[in-house]
Amino acid sequence: MGLAVLHENQTGILCVICMVLLLPTLYASQDIFTYSSRATYYRSPDSYGTPSGACGYGEFGRTVNDGSVTGVSKLYRNGTGCGACYRVRCLSSQYCNEDSVTVVVTDYGEGDKTDFILSTRAYTKLARPGRKGSKELLARGVIDVEYRRVPCHYPGYNVMFKVHEHSKYPNYLALVVLYAEGINDITAVELYQENCKQWLGMRRAYGAVWDMSNQVPSGSIKLRFQVSGSTWVESKNDLPALWNAGDAYDSDVQL
């Protein structure tokens, strides 16, 4: 009996030792950045994003994530990359602090071999403390960075479908998917046609904008979207029969 208790105690001690040894590795793994690239920034009147970004987000693309947004080049992926979140860290200790910044992709842009064109608000978060640090980093213009994709988080928000401002009731409908959490790409959007009992695929017009003309179902409309090319998620709420351009509707689901 005594040997059994001793054996259990030894096993418990070994488990604790293993956990202690593994903890530094677990914490370190959270700081691993997968890729290297370069980043620059674009100016705007208030240092936030731009409402005219190539993803088609409008005002959402200006203010989401407190304005820490970015245009990307190869990460744009013909619009599939819109809404993705990345953690970016500067590699120049001369101009930057040791922290990273999390940004949301809302636009397309390229230049000077950069993968990221950050909003001024996001770019200056990488600077050394104080106004002087921000001024020096802005003057630098382009910096070497490392980055990785991370989950998006929107506490208090479900996935929402915004009716794009270019929509024309009832014959032309364009939608933008907002507040999709996690590491997810929206790869398709479909509407349900009640009279034919079938799902109709929308066309990716550009960026994160999906549209349909002529075949737009009448009445309230069921919607679903495909996540990362496999899983279909259906909205619990329908798009109302009398939808309005510019309005956003709550799906009552989150990824």
Side-chain angles (χ1 to χ4, degrees), residues 22-44 47-50 53-57 61 64-128 133-134 136-154 177 179-187 204 206-208 226-231 255:
L22 283 172
L23 278 174
T25 304
L26 291 173
Y27 283 116
S29 66
Q30 296 176 2
D31 293 325
I32 294 175
F33 287 77
T34 312
Y35 305 103
S36 297
S37 186
R38 283 153 59 88
T40 185
Y41 69 98
Y42 63 90
R43 295 186 182 276
S44 63
S47 298
Y48 281 71
T50 171
C55 289
Y57 286 132
V64 67
N65 195 37
D66 196 29
S68 291
V69 297
T70 186
V72 292
S73 51
K74 67 183 181 183
L75 298 174
Y76 184 74
R77 294 179 285 134
N78 294 319
T80 303
C82 289
C85 293
Y86 291 90
R87 186 170 292 278
V88 180
R89 183 166 64 186
C90 175
L91 294 174
S92 175
S93 58
Q94 181 180 354
Y95 298 97
C96 303
N97 59 53
E98 296 180 354
D99 297 330
S100 56
V101 61
T102 298
V103 292
V104 181
V105 174
T106 60
D107 201 356
Y108 173 86
E110 59 181 327
D112 202 9
K113 300 179 181 179
T114 59
D115 277 316
F116 295 91
I117 302 180
L118 305 171
S119 64
T120 307
R121 192 172 183 85
Y123 189 77
T124 53
K125 286 181 179 180
L126 299 172
R128 291 184 301 170
S134 296
E136 289 178 346
L137 185 61
L138 290 170
R140 176 69 176 173
V142 179
I143 53 175
D144 293 323
V145 297
E146 55 187 4
Y147 68 94
R148 70 176 184 271
R149 188 165 180 183
V150 296
C152 295
H153 296 289
Y154 301 110
V177 182
Y179 298 114
E181 289 195 338
I183 300 180
N184 298 292
D185 294 328
I186 305 301
T187 54
R204 186 189 291 275
Y206 67 94
Q226 191 176 42
V227 181
S228 299
S230 57
T231 304
L255 304 180

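All of these numbers come straight from a predicted model, not from anything done at the bench.
- Remark: Glu136 engages Arg128 in a salt bridge (Lys or Arg N to Asp or Glu O under 4.0 Å) (not counting sequence neighbours).
- Remark: side-chain polar atoms of Ser37 are not paired, donor with acceptor, to backbone N or O of Val145 under 3.5 angstrom.
- For Thr120 against Ser44, the heavy-atom pair with the smallest separation is OG1-N, 4.3 Å.
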Side chain to side chain contact (heavy atoms under 4.5 Å, CB included) between Leu118 and Leu126: does it pass, once the steps are laid out?
-> CA-CA 11 Å; Leu118 305 171; Leu126 299 172; 4.1 Å; yes
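- Here the closest heavy-atom approach between residue Ser100 and residue Phe33 is recorded as CB-CZ, 4.0 Å.
- At most 12 heavy atoms of other shown residues, nucleotides or ligands fall within 6.0 angstrom of atom CG in Asn78.
- In this structure, a donor-acceptor pair under 3.5 Å is present between the side chains of Asp115 and Ser73.
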Do Ile117 and Asp107 pass the side chain to side chain contact (heavy atoms under 4.5 Å, CB included) test, and can you show the C-alpha distance, the side-chain angles, and the key distance before you say yes or no?
-> CA-CA 9 Å; Ile117 302 180; Asp107 201 356; over 6 Å; no
Can you check side chain to side chain contact (heavy atoms under 4.5 Å, CB included) on Asp144 and Ser36, steps first, answer last?
-> CA-CA 8 Å; Asp144 293 323; Ser36 297; over 6 Å; no
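- Going from atom OH of Tyr123 over to atom SG of Cys90 covers 7.5 Å, rounded to the nearest 0.5 Å.
- Here the shortest heavy-atom pairing between Ala122 and Val103 reads CB-CG1, 3.8 Å.
- Rounding to the nearest 0.5 Å places OH of Tyr86 at 9.5 Å from CD1 of Ile183.
- When all heavy atoms are compared, the tightest approach of Ser119 to Ser68 is OG-CA, 3.9 Å.
- With hydrogens and angles ignored, the 3.5 Å screen pairs a side-chain donor or acceptor of Tyr57 with a backbone N or O of Gly83.
- With respect to Lys125 and Asp99, no salt bridge is recorded, no charged nitrogen being found less than 4.0 Å from a carboxylate O.
- Under a 3.5 Å cut-off, the side chain of Arg121 and the backbone N or O of Thr124 do not form any donor-acceptor pair.
- Atom CG in Asn97 sits 9.0 Å away from atom CG in Leu137 (nearest 0.5 Å).
- Shortest non-hydrogen contact noted between Arg204 and Ile186 is NH2-O, 3.1 Å.
- Tyr42 is listed as a side-chain neighbour of Thr50, based on a closest heavy-atom distance under 4.5 Å.
- Nearest heavy atom pair, residue Cys85 against residue Val104, reads SG-CG2, 3.8 Å.
- A donor-acceptor pair is defined here as one N or O able to donate and one able to accept, closer than 3.5 Å; such a pair exists between the side chain of Thr40 and the backbone of Gly141.
- For the residue pair Arg87 and Thr102, a side-chain donor N or O sits within less than 3.5 Å of a side-chain acceptor on the partner.
- In this structure, Val105 and Leu75 have side chains that are not in contact, with every pair of non-hydrogen atoms separated by 4.5 Å or more.
- For Arg149, the CZ atom is densely surrounded, since the number of other residues' heavy atoms within 6.0 Å is greater than 12.
- In this structure, the side-chain hydrogen bond (donor to acceptor under 3.5 Å, both in side chains) partners of Tyr41, at least two apart in sequence or on a different chain, are Arg43.
- Under a 3.5 Å cut-off, the side chain of Tyr76 and the backbone N or O of Ala54 do form a donor-acceptor pair.
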Start with the C-alpha gap between Arg148 and Ile32, add the side-chain angles, then the distance that decides, and say whether side chain to side chain contact (heavy atoms under 4.5 Å, CB included) holds.
-> CA-CA 8 Å; Arg148 70 176 184 271; Ile32 294 175; 5.8 Å; no
